Visitor: 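Please read through the structure below; I'll follow up with questions.
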Amino acid sequence: MSIQKMNFKERSLLFAKLSKISYYSEKKAKSQAKKLGFTTVEFYNRDGAQAFRFANDIDCVIACRGTQPTEFNDIAADLKAMPVIAETVSRVHKGFKDEVDELWPMVKDDLEDLKHTDVNVWFTGHSLGAAMATIMASRCTNHTFFPDVQELYTYGSPRVGWKKYCKSLNVVHHRWRNNNDIVTKVPLTIMGYKHDGTEHYITSDQKIGKPGLRDWWKGLWEGAKNGRFDSISDHDITAYYNNIKKALP
């Protein structure tokens, strides 16, 4: 089925699933993606920066891999919070930009090949992968030789760039935030960083709502009763998938 024909819940779950698959080995990712209707899978991998291209005759999804605790390059990227000049407008997080720069020559070539086709292009990612997907989508929307980006779906995304950068994206961005996910609160706004897109906030009782102090405390309390640290466990991509499934009608 064409992704465009899916409803919002179906798309949100599909992209959450693809974001999860992006953490798999290349062999397992190919197997899982083909079950979802993608006939070709390309793995981009350079110096620890990684992403997948899942495609068929209708759709092409670039799914960026998030932070892996065993990958030093991923940890280093998260810590390089210095704002630097973006390829497009204003400033972005240096570590996130560096990760994209590693993969961009490969991704760029594949996307340019789709410019004069009817294939729809989508971006997605979780955590560090969400930030990378945002930057890649931004580069596409600011240059005429790339195909139009249909939509961007991110899960547990940190703040990526300054306010002017976020305003320049010009892409429909559905940004999912699961209750107390700590990654969504960094880098700090005092450094100039802002969030982009439409936030879809999942409350502590798995409903769509608005963040607030009461729900923050409730999430922490429920997590403590179940022996988990809510701010960390809420960041898990599987938690995103399961809670979106419960929260959307």
Side-chain angles (χ1 to χ4, degrees), residues 7-20 64 66-67 78-79 81 83 90-93 95-96 123-135 137-138 151-169 171-249:
N7 61 38
F8 178 60
K9 179 175 183 176
E10 290 170 333
R11 288 185 190 178
S12 296
L13 290 174
L14 172 66
F15 290 122
K17 187 173 288 187
L18 291 175
S19 293
K20 181 177 181 178
C64 299
T67 303
D78 291 338
L79 295 175
S90 191
R91 291 181 179 268
V92 291
H93 185 290
F96 304 156
F123 284 88
T124 192
H126 166 256
S127 191
L128 166 63
M132 293 170 63
T134 301
I135 293 173
S138 171
E151 289 178 337
L152 164 67
Y153 282 72
T154 61
Y155 307 85
S157 179
R159 299 182 180 99
V160 178
W162 283 7
K163 184 177 181 179
K164 190 174 180 181
Y165 177 81
C166 293
K167 284 187 174 182
S168 75
L169 256 66
V171 60
V172 176
H173 180 188
H174 295 288
R175 178 172 51 82
W176 282 96
R177 173 185 166 189
N178 186 30
N179 189 224
N180 290 335
D181 182 349
I182 195 169
V183 175
T184 64
K185 301 172 184 178
V186 296
L188 300 176
T189 55
I190 197 172
M191 299 175 68
Y193 288 103
K194 303 293 182 184
H195 269 306
D196 172 66
T198 301
E199 180 180 81
H200 303 284
Y201 176 77
I202 305 171
T203 65
S204 56
D205 53 357
Q206 292 82 51
K207 296 178 181 178
I208 302 299
K210 293 183 179 181
L213 186 60
R214 183 177 181 181
D215 196 53
W216 178 71
W217 276 112
K218 184 178 179 182
L220 287 179
W221 174 244
E222 291 296 327
K225 286 196 299 182
N226 290 288
R228 57 182 171 81
F229 185 46
D230 198 52
S231 295
I232 301 299
S233 60
D234 281 351
H235 185 59
D236 184 74
I237 184 59
T238 301
Y240 270 93
Y241 181 87
N242 292 337
N243 289 345
I244 290 171
K245 197 171 185 178
K246 294 174 183 176
L248 290 178

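The structure presented is a predicted model; accordingly, all values stated were derived computationally and were not measured.
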Visitor: With sequence neighbours excluded, give me every salt bridge (charged side-chain N to carboxylate O under 4.0 Å, His left out) pair touching residues 155-167.
Guide: none

Visitor: Can you name the closest pair of heavy atoms from P158 and S127 and give their distance?
Guide: CD-O, 3.4 Å

Visitor: If you take all heavy atoms of I135 and Y165, which pair is closest and at what distance?
Guide: CA-OH, 3.5 Å

Visitor: Excluding sequence neighbours, so at least two apart, what forms salt bridge (charged side-chain N to carboxylate O under 4.0 Å, His left out) with R11?
Guide: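 Here the qualifying residues are E151.
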
Visitor: Might you point out which heavy atoms bring A131 and S157 nearest each other, and give the distance in Å?
Guide: N-OG, 4.1 Å

Visitor: For H195, enumerate each residue passing the ring pair (Phe, Tyr, Trp, His ring centres under 6.0 Å) test, keeping only those at least two apart in sequence or located in another chain.
Guide: none

Visitor: Could you tell me whether a side-chain N or O of S138 sits under 3.5 Å from a main-chain N or O of T134, the two making a donor and an acceptor?
Guide: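 Such a contact is absent between S138 side chain and T134 backbone.
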
Visitor: Filter on salt bridge (charged side-chain N to carboxylate O under 4.0 Å, His left out), then keep only pairs touching residues 186-202, sequence neighbours left out; what's left?
Guide: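 Residue pairs passing salt bridge (charged side-chain N to carboxylate O under 4.0 Å, His left out), neighbours aside: R175-E199, R177-E199.
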
Visitor: Using every non-hydrogen atom in the two residues, find where I208 and A247 come nearest and quote the distance to one decimal.
Guide: CD1-CB, 3.7 Å

Visitor: At their closest point, which heavy atom of S19 faces which heavy atom of I237, and how far apart are they?
Guide: CB-CD1, 4.2 Å

Visitor: Please identify which of these residues, N179, I244, L248, meets the side-chain contact (heavy atoms from CB on, under 4.5 Å) condition with I202.
Guide: I244

Visitor: My understanding is that only residues two or more places apart in sequence, or in another chain, count here; which of them pass side-chain hydrogen bond (donor to acceptor under 3.5 Å, both in side chains) with N180?
Guide: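 Listed in chain order: D230.
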
Visitor: List in chain and number order the residues that pass ring pair (Phe, Tyr, Trp, His ring centres under 6.0 Å) with F123, two or more places apart in sequence or in another chain; answer none if no residue qualifies.
Guide: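 Partners of F123 by the ring pair (Phe, Tyr, Trp, His ring centres under 6.0 Å) criterion come out as none, since no residue qualifies.
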
Visitor: Test: side-chain hydrogen bond (donor to acceptor under 3.5 Å, both in side chains). Region: residues 240-249. Which pairs qualify, not counting sequence neighbours?
Guide: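 side-chain hydrogen bond (donor to acceptor under 3.5 Å, both in side chains) check on residues 240-249 returns N178-N243, D181-Y240.
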
Visitor: For T154, what residues pass the side-chain hydrogen bond (donor to acceptor under 3.5 Å, both in side chains) criterion, not counting sequence neighbours?
Guide: H173

Visitor: Atom CZ in F8, atom CG in L13: separation rounded to 0.5 Å?
Guide: 9.5 Å

Visitor: Apply ring pair (Phe, Tyr, Trp, His ring centres under 6.0 Å) to the pair F15 and H174, showing each step before the final yes or no.
Guide: CA-CA 11 Å; F15 290 122; H174 295 288; 9.5 Å; no

Visitor: Check this for me: K9, atom NZ, are more than 12 non-hydrogen atoms of other residues, nucleotides or ligands nearer than 6.0 Å?
Guide: yes

Visitor: List in chain and number order the residues that pass side chain to side chain contact (heavy atoms under 4.5 Å, CB included) with L188, two or more places apart in sequence or in another chain; answer none if no residue qualifies.
Guide: I190

Visitor: Side chain of T124, backbone of Y153: donor and acceptor closer than 3.5 Å?
Guide: yes

Visitor: Got a sec, which residues hit side-chain hydrogen bond (donor to acceptor under 3.5 Å, both in side chains) with S204, two or more places apart in sequence or on another chain?
Guide: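 Testing S204 for side-chain hydrogen bond (donor to acceptor under 3.5 Å, both in side chains), a comparison that skips the adjacent residues, returns D215.
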
Visitor: For residues A133 and G125, report the shortest heavy-atom separation together with the two atoms involved.
Guide: CB-N, 4.2 Å

Visitor: Among all residues two or more places apart in sequence or in another chain, which pass the salt bridge (charged side-chain N to carboxylate O under 4.0 Å, His left out) test with K218?
Guide: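 If we apply the salt bridge (charged side-chain N to carboxylate O under 4.0 Å, His left out) test to K218, skipping adjacent residues, the hits are D205.
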
Visitor: Distance-only, no hydrogens or angles: does the W162 side chain make a donor-acceptor pair with backbone N or O of M191 under 3.5 Å?
Guide: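 Yes, W162 side chain to M191 backbone: donor-acceptor pair under 3.5 Å.
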
Visitor: Restricting to side-chain hydrogen bond (donor to acceptor under 3.5 Å, both in side chains), what partner residues turn up for T184, sequence neighbours left out?
Guide: none

Visitor: Side chains of P187 and H93: does their closest heavy-atom pair fall under 4.5 Å?
Guide: yes

